[in-house]
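Below, chain A is the first sequence line, B the second, and so on; all start at residue 1.
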Protein chains: 2
Amino acid sequence: METRSQLREQVTRKLLDSGINPTRQRLEIGVCLFEKDKHISADQVLELVNRGACEVSKATVYNTLGLFAERGLVRELVITPNKVVYDTNVSDHHHLYNVDTGDLQDLETDELHLNALPRLDDGVQIDGVDIIIRVKNKTPA
Amino acid sequence: METRSQLREQVTRKLLDSGINPTRQRLEIGVCLFEKDKHISADQVLELVNRGACEVSKATVYNTLGLFAERGLVRELVITPNKVVYDTNVSDHHHLYNVDTGDLQDLETDELHLNALPRLDDGVQIDGVDIIIRVKNKTPA
DNA sequence: GTCAGTGCAAACCCTTTGCAGAAAG
DNA sequence: CTTTCTGCAAAGGGTTTGCACTGAC
């Protein structure tokens with residue numbers, strides 16, 4: 001498939017730009033991430049990757065996602081202790097989470113933003129701002 | 001100690017008001033939580049509780065903290081997948097987290113608030129708004 | 001006696017670690 | 001050859017589950 005090989009090239013470039021050696025396993029994982037282009041859990045990545053012809057271990061998926069997050073290729077979102085997902089959208093935005101359905105949506109900063117950041121101590125700088133709006137269904141009945 | 005037994009009474013009342021049967025284990029855990037009156041992890045609760053004369057199992061600590069959070073006695077904060085803490089301050093406020101030192105501070109809403117909430121779908125209502133400002137040290141040296 | 005409520009040992013499973021093997025120099 | 005990097009099996013440990021026990025009726 002043409003687009004598949006294009007994606008492969010794009011991902012290779014992304015990895016090189018981030019100083020990551022584009023090995024077979026990392027490429028497979030990267031393609032799965034950016035192909036889906038949505039919030040995705042480590043488990044889902046593992047399943048997607050192994051649906052293809054190549055075997056990648058669980059440990060490698062976790063370590064690679066951690067590496068990608070550290071280098072800024074993806075953003076790690078901690079929704080609950082048991083729900084950690086990776087977001088390929090690394091631009092400045094926030095999230096809306098439905099605790100009943102598990103649905104997770106992006107909120108762009110024009111829909112939601114802080115009026116001001118707090119005064120910080122000298123010696124520290126912003127590393128990130130995470131905002132999660134949790135909603136629930138009105139009539140659980 | 002006088003204040004200790006007063007705290008015990010207060011916690012008992014809190015539990016009853018929330019429809020929770022104030023058993024020995026729940027009281028011990030509740031006293032540890034509200035005595036410390038700060039962000040505290042399940043592990044720390046376990047240690048504090050068992051410093052006293054009564055033995056409470058790990059499972060009971062986890063289940064009880066989950067119950068308290070569900071009933072609104074404490075607020076569960078997910079900082080990272082490996083750092084979950086319970087906050088006895090259940091009023092509307094947010095958090096400042098230093099990723100280098102692990103330090104966690106409260107931010108009152110007058111220091112930090114959203115200019116507006118997003119338009120929600122019909123059928124859903126706000127369950128909670130979590131804002132975490134992550135900071136890091138400027139000179140990791 | 002029954003039955004809802006409670007506490008915890010053990011199981012579960014997500015994540016990390018340590019190391020064998022590969023790749024680079 | 002030595003050194004660095006990589007992938008993964010196995011270990012670790014926080015959390016949940018299933019069940020024995022208690023207490024209420």
Integer-rounded Å distance: C/dC8 P and B/Glu28 CD
11 Å
To the nearest Å, how far apart are A/Tyr86 OH and C/dC14 C1'?
11 Å
With distance as the sole criterion, is a donor-acceptor pair present between the side chains of B/Asp87 and B/His93 under 3.5 Å?
yes
Toward the 5' end of DNA chain C, by each residue's nearest nucleotide, A/Ala42 or B/Ala59
B/Ala59
To the nearest 0.5 Å, what is the distance between CG on A/Asp130 and NE2 on B/His95?
13.5 Å
How many whole angstroms separate atom OH of A/Tyr62 from atom C1' of D/dA9?
15 Å
Looking at every strand, decide which applies to A/Asn63 at a 4.0 Å heavy-atom threshold: base, sugar-phosphate, or nothing.
base
Can you check the A/Lys83 NZ to D/dT16 P distance for me, whole Å?
15 Å
Protein-nucleotide distance (B/Leu67, atom CG; C/dG5, atom P), rounded to Å:
12 Å
Under 4.0 Å, heavy atoms only, any strand: does A/Thr60 hit a base, just the sugar-phosphate, or nothing?
base
B/Asn89 and B/Ser91: side chain donor to acceptor below 3.5 Å:
yes
Rounded to the nearest Å, what distance is computed from the NZ atom of residue A/Lys58 to the C1' atom of nucleotide C/dC12?
11 Å
Is the distance from OP1 or OP2 of C/dG5 to the nearest side-chain N or O of B/Thr23 less than 4.0 Å?
no
Spacing of A/Gln25 atom CD relative to C/dA23 atom P, expressed in whole Å
11 Å
Just N and O in the side chain of A/Asn82: are any of them under 4.0 Å from OP1 or OP2 of D/dT16?
yes
Exercise: identify the closest heavy-atom pair between B/Gly72 and B/Val90:
O-CG1, 3.7 Å
Over how many whole Å does the gap from A/Arg26 atom CZ to D/dC8 atom P extend?
11 Å
